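What follows is a set of notes on a single structure, which appears directly below.
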Amino acid sequence: MSRRDEFITVINTFKTVSPTITDEQRIGLLRQAVQNYELSIEEASEVLTALGLVVGEEVNYFEVLGFSIEVIQKLDEDAIVSLIETAHKKFYSTSLRAGARVRPDGRTEEQWRHILNQARDTLKDPEKREEYLTTLTSQEDVHEKTSLDTEPISINTPETDAASILSVNTLQHAEPMAPATPEIISAPTLSNVNVPADMVIIPASEFLMGSNDTDANNSEKPVHPAYIDAFFIDKHLVTNAQYKAFLDANPQWQKGNMLTDYHNGNYLRTWNGNNYPTDKANHPVVYVSWYAAMAYALWVEKRLPTEAEWEKAARGGLTGKKYPWGDQIDTTRANYGENIGQTTPIGEYPPNDYGLYDIVGNVWEWCIDEHILDFYANSPYQNPIADNDINYVLTNFTTLKTYRVLRGGSWMSIPRYVRVAPRFRFSPAHSIHNVGFRCVRTISL
């Protein structure tokens, strides 16, 4: 039997359980085809298509197991696992007793048991659960059906005002970094502008923001023109080594000192005190909250990008494309879909046409904006930002409580979420294993 035929046998066996798969499962099967059966991605995709194994309708794993997102968020890890196991056992046993009937939703009981197993395996694993929540909470129906928005983060200001302690004025600023040989830009309105080290310039222009393609959800619509003034943006994501320099200069943001109102308990979770993992100096920093990312950006005399700036930069000058390089997903251009299984050092994949590395994949990137689901319906034309006043955000960021925008997908994300248009959200105190950031700087002409 050929390796291809062996893979076909695997797929046929899989189909007896369920004729549909999730996008995550499709990635897993393609990876298995390459690693175990020596097929190309194209060959494996042809097999899946020919055998009729298709990506089916997404299900909410929380609803499958009969509890809500907010219940999970109030429990410690042991209690979460116990709850999931108990719920799975209950529903799985009920399904076994039902025999071979067809359920009201059209699935067989065997297919339903397969979904129950998927829900259990996804929600029990902390990292898979967080990634699942990242995608799930971006959808409009979840925004309305869950109470994630009903309980704002509480900023309990101590006797010494937290905002003043953590303000721009109290940050110990980094020494100015002058490039050895400043790059001179020759453009009609940007002649003789020195580009800071490790940044690129994004020229002022209009671009089409958002997406109407088949993968888009309503928060990405409608496609609309936006005019963005010129700005500088980091070529690379902020690394562990860079972030440590910030912590060394600003002890109030160190792991043991940072106020608990500004993180969710996972801040720098993989660090040993104030030291990052020894082999990860050049990896993007993760487990950083929006508050911490804002503080770092201000320390280096920059800021986080607006989501409009981020998307314009991510598109690399291309119009209407799904990805920074075109319309086809490409494993050689980004770290996504658990192809690597973790973050990769910055700069290992080719840059987009603006010279930006890892602009999709590797880690989600914090933006400065508040996340408003229908923002595009009434978005301003010039330099749009959901908060309306960027200077207010910069001055008062430690007092803000509303959800903040994430862009770009991560090393765990399915292709749908490493496009340039998807908009996601987390509370500003959220720290997670696949979220980092890069910075921008306004150009004063």
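As the structure is a computational prediction, the values presented were derived from the model and not from experiment. Scope of the values below: all heavy atoms of this structure, side chains included, with no hydrogens, waters or symmetry mates. FYI, the numbering just counts along the sequence from 1.
- Looking only at side-chain heavy atoms (C-beta outward), Glu309 and Ile233 stay at 4.5 Å or farther from each other.
- Salt-bridge check for Asp327 with Lys322: failed, with every basic side-chain N at 4.0 Å or more from each acidic carboxylate O.
- At a threshold of 4.0 Å, the pair Asp125-Lys128 does not count as salt-bridged, since none of the basic side-chain nitrogens sits closer than that to a carboxylate oxygen.
- Other residues, nucleotides and ligands place no more than 12 heavy atoms under 6.0 Å from the CD atom of Gln328.
- A donor-acceptor pair is defined here as one N or O able to donate and one able to accept, closer than 3.5 Å; no such pair exists between the side chain of Tyr381 and the backbone of His224.
- Residues Ser289 and Val435 are not in side-chain contact: their nearest non-hydrogen atoms beyond the backbone lie 4.5 Å or more apart.
- Judged by distance alone, the side chain of Arg315 and the main-chain N or O of Lys321 form a donor-acceptor pair under 3.5 Å.
- Remark: Gln242 pairs with Thr239 by the side chain to side chain donor-acceptor pair (under 3.5 Å) rule, at least two apart or across chains.
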### Message
Does Tyr287 form a side chain to side chain contact (heavy atoms under 4.5 Å, CB included) with Thr270? I'd like the steps, not just the answer.
### Response
CA-CA 8 Å; Tyr287 286 112; Thr270 58; 3.7 Å; yes
### Worked check of side chain to side chain contact (heavy atoms under 4.5 Å, CB included) between Tyr392 and Asp387
CA-CA 8 Å; Tyr392 179 85; Asp387 295 86; over 6 Å; no
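- Within the 4.5 Å cutoff, the side chain of His371 has no heavy atoms near those of the Glu307 side chain.
- Counting heavy atoms from C-beta on, the side chains of Leu268 and His263 never come closer than 4.5 Å.
- Not a single side-chain contact (heavy atoms from CB on, under 4.5 Å) links Asn378 to another residue, sequence neighbours left out.
- One N or O on the side chain of Asp330 and one on the backbone of Thr332 form a donor-acceptor pair closer than 3.5 Å.
- To the nearest 0.5 angstrom, Trp411 atom CH2 is 5.5 Å from Glu338 atom CD.
- Taking CG of Asn218 as the start and CZ of Arg423 as the end, the distance is 11.5 Å to the nearest 0.5 Å.
- More than 12 heavy-atom neighbours from other residues, nucleotides or ligands sit within 6.0 angstrom of CZ on Phe67.
- For the pair Leu356/Pro351, no side-chain contact is recorded, criterion being any heavy-atom separation below 4.5 Å from C-beta on.
- At least one donor-acceptor pair under 3.5 Å links the side chain of Asn240 to the backbone N or O of Lys280.
- Cys367 is not listed as a side-chain neighbour of Arg404, based on a closest heavy-atom distance of 4.5 Å or more.
- Of the inter-residue distances, the one linking Ile115 atom CD1 with Thr122 atom OG1 reads 11.5 Å to the nearest 0.5 angstrom.
- A donor-acceptor pair under 3.5 Å is absent between the side-chain atoms of Ser379 and the main chain of Tyr376, judged by distance alone.
- Looking at Asn274, its side chain never comes within 3.5 Å of a backbone N or O of Gln254 through a donor-acceptor pair.
- Although no hydrogens or angles enter the test, the distance criterion places a donor-acceptor pair under 3.5 Å between the side chain of Arg441 and the main chain of Glu301.
- In this structure, a donor-acceptor pair under 3.5 Å is present between the side chains of Ser205 and Lys312.
- For Asp198, there are no side-chain contact (heavy atoms from CB on, under 4.5 Å) partners at least two apart in sequence or on another chain.
- Using a 4.5 Å cut-off on side-chain heavy atoms (C-beta onward), Asp358 and Pro284 make no contact.
- Partners of Arg438 according to the side chain to side chain donor-acceptor pair (under 3.5 Å) rule, which considers only residues two or more places apart in sequence or in another chain, are Glu365.
- Checking side-chain atoms of Asp234 against main-chain N and O of Phe437 turns up no donor-acceptor pair under 3.5 Å.
- Side chain of Asn335 to main chain of Gln342: a donor-acceptor pair is present (N/O by atom type, distance under 3.5 Å, no hydrogens or angles).
- Asn60 contributes a side-chain N or O that, together with a main-chain N or O of Glu63, makes up a donor-acceptor pair within less than 3.5 Å.
- Here NZ of Lys302 is found 6.5 Å from OH of Tyr296. Values are rounded to the nearest 0.5 Å.
- Within the structure, ring pair (Phe, Tyr, Trp, His ring centres under 6.0 Å) contacts touching residues 327-361 (residues at least two apart or in different chains) are His236-Tyr357.
- With contacts defined as side-chain heavy-atom distances shorter than 4.5 Å, the pair Phe231/Thr442 does not qualify.
- With sequence neighbours excluded, the residues forming a side-chain contact (heavy atoms from CB on, under 4.5 Å) with Ala314 are Trp310, Ile359, Val420, listed by chain and number.
- For Arg303 and Phe397, the positive end is not near the middle of the six-membered ring at less than 6.0 Å and at most 45° from its axis.
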